[in-house]
Amino acid sequence: MATSFSANSPNIAANKLIEGDSSNREESVIMKRSSRAGEKKTGGAKVARLLLVNQALATLAFFGVGVNLVLFLTRVLGQDNVNAANNVSKWIGTVYMFSLIGAFLSDSYWGRYLTCTVFQLVFVLGLALSSLSSWRFLINPVGCGDGHTLCKPSSIGDEIFYLSIYLVAFGYGGHQPTLATFGADQYDEKNPKEKSSKVAFFCYFYFALNVGSLFSNTVLVYYEDTGMWTMGFLVSLVSAVIAFLAFLLGTPRYRYVKPCGNPVVRVAQVFTAVFRKWKVSPAKAEELYEVDGPQSAIKGSRKIRHTDDFEFMDKAATIKETEEHSPKNPWRLCTVTQVEEAKCVLRMLPVWLCTIIYSVVFTQMASLFVEQGDVMNSYIGSFHLPAASMSAFDIFSVLVCTGIYRQILVPLAGRLSGNPKGLSELQRMGIGLIIGMLAMVASGATEIARLRRISHGQKTSSLSIFWQIPQYVLVGASEVFMYVGQLEFFNGQAPDGIKSFGSSLCMASISLGNYVSSMLVNMVMIITARGQNKGWIPENLNTGHMDRFFFLLAGLAAFDFVLYLFCAKWYKNINIEDSDMGDQEEELEDVNSKV
């Protein structure tokens, strides 16, 4: 693969050193070694564990509000099922859209630490307001909202509560992708041991998420279901405060990465320069413009080597005769690294778009799966399917993340594929798509069996709710492969200047999945609910065909998988220019021996 020209090649650097003074060479080596020794005092696995604790407790707090929000809206605020479901879908979608705002501020201006701090404060404020509004204005009389006693909320209480849950959405959404990237920053890629630990970090990050949601989906669900809403919100508030304190505890030991400036401006400069030079033929790779030295023109970002795809974009780094001796205007002439950063975004987008259909599949777990389980024969009382079955697949996910995948599947896949690292991120995401498709087939089969066991005049089928376990387990297994793979892929493939943006793409996929799911349901009902037909997903599911909707999603997932295969095969990994300090020291010592 061709690389861009740089005046600071090892040979040129060596010649300059040989001509220089010997004492300067020794001083340079000593300074670099002392700099590396200073780096070891910050970051590492120990301080990253504080971020995992923060993730677990923050997730517990978030799901403490979100997991039973639809019941709170119907039982306490008096909304009907349709409006409550739509409001929850919009809220969940908004949560993950806010991740893009947090990622932008982190990459551009604030940096990871400040972004995490500010958004966690907003998160705590939202939880405090939700507890206050519940206690003071909404739970009236005391003990209402248990499914038996009606509440008489005040209008001001409604407004404060909606403000509070959207503050929660803003705080949690903006905090999540930045926290994942900040955790990855704690591992030094120049250290082989830490580099391998960085790969495992995303698995443990997901493990921490499931630990938090596991508690929320069992213990908190039980208390909120019995009408103890204020206590549930207070537990979430306390958890968020402890999470924030744990985060602050590591302040002196964190490894900090400075923000790299506004990436939107940099990408706009590339396309503007391309447009202005549209009639100019792209120069050869070695003739493209790049700054001298080991660092790129993008503050805090390593150089990216030139790639051959999207060749038309190389026009932005092509030097015209009139630009050779004139001041460099980034709106007319961009560096190779800046152009490659824009190329990386374009390469990642098709892969990301293919994950949205999976997010539609995943969304059914919190919507249609719950409605399906509500009309099945349940023996588990208050621990309804949203708590019991979600806990089952959470436990499965935790077990996979903590040992089975790393200890068994990776070596097995390594032997089969010849790759010592086992399955690549793209391969794992593809497996997640396939398992998600199978989950929809299992859901459709369960719905067919449920409809066959309906007694006349009965709302509930005699089919046991435990028939839903396979579809929940399949969704849980697919989630491990898809979302852990997504976190690793988008964070690893994103250039240094947009790392948080890479992590936020995973959450943005979930957000769009919620919106697309709602759109599909509405479209299906418009098409199928005609004349005497009540549609596939009517108010009374016993008169509908929800199984056909599940099979439709399975078909869409299969088609999406075919598209994903083409995108994954076409994709080219980012090629970062190696600026390892250790290699530089070895070169310096080699020069010393020659002198």
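Treat the numbers as computed from the prediction; the structure is a model and nothing was measured.
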Heavy-atom side-chain proximity of [X] to [Y] below 4.5 angstrom:
X: Phe119; Y: Leu105; result: yes
X: Ile576; Y: Arg305; result: no
X: Leu474; Y: Gln471; result: no
X: Glu340; Y: Arg347; result: yes
X: Val521; Y: Phe549; result: yes
X: Asn262; Y: Tyr109; result: yes
X: Phe98; Y: Met507; result: no
X: Ser213; Y: Phe63; result: yes

Taking all non-hydrogen atoms of both residues, which atom of [X] and which atom of [Y] are closest, and how far apart?
X: Ile298; Y: Cys260; answer: CG2-O, 3.8 Å
X: Pro350; Y: Leu346; answer: CD-O, 3.0 Å
X: Ser239; Y: Ala61; answer: OG-N, 4.1 Å
X: Lys303; Y: Val291; answer: NZ-O, 2.7 Å
X: Ser301; Y: Gly497; answer: OG-N, 4.1 Å
X: Gly436; Y: Val361; answer: O-CG1, 3.6 Å

**Request:** Report the C-alpha separation of Phe561 and Ile357 in whole Å, then their side-chain angles, then the decisive distance to 0.1 Å, and conclude whether the side-chain contact (heavy atoms from CB on, under 4.5 Å) test is met.
**Result:** CA-CA 9 Å; Phe561 177 71; Ile357 290 297; over 6 Å; no
Are [X] and [Y] linked by a side-chain donor-acceptor pair shorter than 3.5 Å?
X: Tyr172; Y: Gln120; value: no
X: Ser478; Y: Tyr358; value: yes
X: Asp314; Y: His306; value: yes
X: Thr178; Y: Thr115; value: no
X: Gln364; Y: Ser443; value: no
X: Gln176; Y: Tyr96; value: no

Spacing of [atom1] belonging to [X] relative to [atom2] belonging to [Y], to within rounding of 0.5 Å:
X: Tyr206; Y: Cys506; atom1: OH; atom2: SG; value: 10.0 Å
X: Ile304; Y: Asn575; atom1: CD1; atom2: CG; value: 9.5 Å
X: Asp560; Y: Tyr564; atom1: CG; atom2: OH; value: 10.0 Å
X: Tyr289; Y: Thr337; atom1: OH; atom2: OG1; value: 10.5 Å
X: Ile574; Y: Gln493; atom1: CD1; atom2: CD; value: 6.5 Å
X: Met429; Y: Leu426; atom1: CE; atom2: CG; value: 6.0 Å

**Asked** Does the side-chain contact (heavy atoms from CB on, under 4.5 Å) test come out yes or no for Thr42 and Tyr254, once each step is laid out?
**Response** CA-CA 5 Å; Thr42 59; Tyr254 291 136; over 6 Å; no
Look only at the side chain of [X] and the backbone of [Y], and say whether a donor-acceptor pair between them is shorter than 3.5 Å.
X: Ser504; Y: Phe501; result: yes
X: Glu311; Y: Asp308; result: no
X: Ser216; Y: Gly212; result: yes
X: Thr363; Y: Ser359; result: yes
X: Thr272; Y: Ala268; result: yes
X: Lys499; Y: Ala494; result: yes
X: Thr355; Y: Trp352; result: yes
X: Ser511; Y: Gly93; result: yes

**Prompt:** Listed by chain and number, what are the salt bridge (charged side-chain N to carboxylate O under 4.0 Å, His left out) partners of Glu341, not counting sequence neighbours?
**Reply:** Arg266
Charged N-O contact under 4.0 Å between [X] and [Y]:
X: Lys284; Y: Glu287; result: no
X: Asp107; Y: Arg112; result: yes
X: Asp185; Y: Arg255; result: no
X: Arg428; Y: Glu488; result: yes

**Message:** For the aromatic rings, using the six-membered ring if either is Trp, is the centroid distance between Phe62 and Trp91 under 6.0 Å?
**Reply:**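 When the ring centroids of Phe62 and Trp91 are compared, they turn out to be within the sub-6.0 Å range.
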**Message:** Would you say the rings of Phe247 and Tyr113 are close, in the sense that their centroids are separated by under 6.0 Å?
**Reply:** yes
**Request:** Please test Met437 against Leu553 for side-chain contact (heavy atoms from CB on, under 4.5 Å), starting from the C-alpha separation and ending with a verdict.
**Result:** CA-CA 8 Å; Met437 177 187 67; Leu553 291 183; over 6 Å; no
**Prompt:** Are Gln338 and Thr335 close enough, and set up right, to give a side-chain contact (heavy atoms from CB on, under 4.5 Å), and what steps lead you there?
**Reply:** CA-CA 5 Å; Gln338 189 174 347; Thr335 64; 3.5 Å; yes
**Message:** With a sphere of 6.0 Å drawn around CZ of Phe310, does it hold more than 12 non-hydrogen atoms of other residues, nucleotides or ligands?
**Reply:** yes
**Atom CZ of Phe312: over 12 foreign heavy atoms under 6.0 Å** = yes
**Request:** May I ask you to decide if the ring planes of Tyr187 and Phe201 are parallel, tilted or perpendicular, using 30° and 60° as cut-offs?
**Result:**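 Tilted.
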**Prompt:** Passes side-chain hydrogen bond (donor to acceptor under 3.5 Å, both in side chains), Ser503 versus Thr181? Steps please.
**Reply:** CA-CA 7 Å; Ser503 298; Thr181 309; 2.9 Å; yes
